[in-house]
Amino acid sequence: MKNERLAGLDILKIVSMFLIVMSHFAVHGNWPPMDTITLNSGLISLFGSFGNLAVNCYVLITAYFMVDKNLNVERIARILFKVLFYSVGIYILLSLLGFVTFDIKTFLLYLPFREKSYWFMDTYILLILFSPLLNIIMNKITKIQLRYLIFVSLFFSSVLSLVYLVDTVVSYFFWFIVLYFIGGYLRKYYNSSMKISKRWIIVILLMFAMFSTIIILRVIELNTGVIIGSGSYYFIGKNRLLVLVTSIQMFVLFSCFKVRSNKIIQFMSENTLGVYLIHDNGALRYILWHVLLNVGNYFYSRGFIVYALLIIIGVFLTSMLVSYLITLCIENPLFYLLKKPVLRLQEKYDKLWNS
């Protein structure tokens, strides 16, 4: 694939975060028992299926742009700042507003790498810290050897789970490493020659297949009481082959977009991480979907799809705006003051790494 920055992948980054918000609307909503399959319950299942697909795409994009780069100390520092700021800030704000009762033990659980922290951010930070070593591996081995590494990893992380119909012992971190190798392979070796119209058809068919598996397993469960694997979402896990193939096809599709970057794309792409950190904060999640929005109250409404899309767009854009304001008013001034210490850390890291 081309080496220059592709606006198409920035668009995919935006789309991925929107799909994650859509998934959280479905997964964290206070829905009534769904004993029958209706249009609205089907929409919730459809929205819920997008989350793992979007996570895979987000990690593939990260790998694609990091495979030839050294560790950026400022980037790590900014990510850590965001995680700490939103973990601490949102809990304190909710305490001041009376939504939660402040408790120091609970407060500490929301810090990075603790029980109530952001699972994605913990894994993402580890991946970035290990990325220089992963890059060395990919740059030292041949194309065939990298393929072998990916195929062996996929066998133990994806294929066995289909054979045994149980989840294999695969951590989030291991799966992110597998995605990193796949993203690196796409950067180094893959060139797309297929027409973009055909790519669209493939992606749509794959997403339809994902949705169909959920409905089929749900019908079996409701009519026979038999639960296959871990339930109706069993074949839609992050490491499932169907989801992985769909993620890769989406990645390739968007990488082929001949779109020039602009201020809107850059603005939205740069604030996607803030969208996640705000709307899926562990302390805020229940309050957002159950108390403030009370999404389950509209489950039986005929205009449910309109309401759902308006809520999802509202949460997405509001979180993005708040993220931008926090970056502009707090993060950027802070890192302006820390510019020299961060540069010194970068120099020490580069010297140590290259020695």
Side-chain angles (χ1 to χ4, degrees), residues 5-29 47-48 50-62 65 74-75 77-94 97 99 110 117-121 124-125 128 250 254 257 259-289 291-293 295 306-335:
R5 183 78 180 187
L6 300 171
L9 292 182
D10 285 327
I11 295 173
L12 178 58
K13 197 174 180 182
I14 298 164
V15 171
S16 296
M17 191 52 63
F18 184 81
L19 292 178
I20 287 173
V21 177
M22 187 175 282
S23 172
H24 289 161
F25 168 85
V27 173
H28 300 311
F47 292 170
F50 293 146
N52 290 327
L53 172 68
V55 167
N56 285 355
C57 288
Y58 207 91
V59 178
L60 287 173
I61 295 169
T62 300
F65 287 116
E74 182 177 348
R75 185 188 182 199
R78 281 181 176 270
I79 291 175
L80 285 171
F81 168 78
K82 289 178 186 292
V83 174
L84 283 170
F85 180 85
Y86 289 115
S87 298
V88 172
I90 291 177
Y91 184 79
I92 292 176
L93 179 62
L94 291 175
L97 294 175
F99 285 106
Y110 287 106
S117 64
Y118 301 95
W119 74 265
F120 176 82
M121 294 311 305
Y124 191 72
I125 290 169
I128 294 175
M250 279 189 66
F254 278 82
F257 282 6
V259 180
R260 290 184 179 181
S261 187
N262 55 52
K263 291 183 179 180
I264 295 176
I265 293 175
Q266 291 177 359
F267 168 81
M268 297 185 75
S269 176
E270 290 170 358
N271 288 283
T272 52
L273 197 59
V275 172
Y276 169 73
L277 292 170
I278 293 170
H279 92 277
D280 203 42
N281 176 273
L284 177 61
R285 187 185 301 132
Y286 177 88
I287 295 170
L288 175 65
W289 300 114
V291 180
L292 297 178
L293 298 176
V295 294
V306 176
Y307 166 79
L309 291 175
L310 288 176
I311 287 295
I312 292 164
I313 293 171
V315 170
F316 179 79
L317 293 179
T318 302
S319 300
M320 183 167 286
L321 178 60
V322 172
S323 171
Y324 168 73
L325 293 175
I326 295 298
T327 301
L328 181 68
C329 299
I330 300 177
E331 182 181 331
N332 286 345
L334 174 64
F335 277 87

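Both backbone and side-chain heavy atoms feed into the values below; hydrogens, waters and symmetry mates do not. Residue numbers run from 1 in the order of the sequence given.
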Pairwise distance CG(L321) to CG(N271) - rounded to 0.5 angstrom: 9.0 Å
Point-to-point distance, once rounded to the nearest 0.5 Å, from OG of S117 to CG of N281: 11.0 Å
Heavy atoms of other groups near Y324 OH, more than 12 under 6.0 Å: no
Side-chain heavy atoms of R78 within contact of N332, under 4.5 Å: yes
Side-chain donor or acceptor of S16 paired with backbone N/O of L12 under 3.5 Å: yes
4.5 Å side-chain heavy-atom contact, V306 and L310: yes
Close side-chain approach of L293 to V315, heavy-atom, < 4.5 Å: yes
Side-chain (S323) to main-chain (S319) donor-acceptor, under 3.5 angstrom: no
N/O donor-acceptor pair under 3.5 Å between S269 side chain and Q266 backbone: no
I313 CD1 to T318 OG1 distance, which is reported to the nearest 0.5 Å: 11.0 Å
Geometric class of the H279/H24 ring pair [parallel <30°, tilted 30-60°, perpendicular >60°]: tilted
Minimum side-chain heavy-atom gap I330-F81 below 4.5 Å: yes
Student check: side-chain heavy atoms of Y124 and T62 closer than 4.5 Å: yes
Residue L328 excluded, over 12 heavy atoms near CG under 6.0 Å: yes
Point-to-point distance, once rounded to the nearest 0.5 Å, from CG of L9 to CD1 of I265: 11.5 Å
Least distance between heavy atoms, M250 atom then L53 atom: SD-CD2, 3.6 Å
Ring centers of Y118, Y276 separated by less than 6.0 Å: yes
Side chain proximity check, I125 to I128, heavy atoms < 4.5 angstrom: no
M268 backbone acceptor or donor facing T272 side chain under 3.5 Å: no
Full working for side-chain contact (heavy atoms from CB on, under 4.5 Å) between L292 and F99: CA-CA 11 Å; L292 297 178; F99 285 106; 4.0 Å; yes
Verdict with supporting geometry, F316 and I14, side-chain contact (heavy atoms from CB on, under 4.5 Å): CA-CA 10 Å; F316 179 79; I14 298 164; 4.0 Å; yes
Y110 and Y91 aromatic ring geometry - parallel, tilted or perpendicular at 30°/60° bounds: tilted
Separation of I312 CD1 from F18 CZ (nearest 0.5 Å): 5.5 Å
Heavy-atom check, side chain of T327 versus side chain of K82, under 4.5 Å: yes
Which atom of I20 lies closest to which atom of A54, heavy atoms considered: CG1-CB, 3.5 Å
Heavy-atom pair with the smallest gap, counting every atom of Y58 and M17: CE1-CE, 3.9 Å
Nearest heavy atoms of G48 and S23, plus distance in Å: O-OG, 3.4 Å
From Y307 atom OH to F25 atom CZ, the distance as rounded to the nearest 0.5 Å: 6.0 Å
pair D280-H28: side-chain heavy atoms closer than 4.5 Å: yes
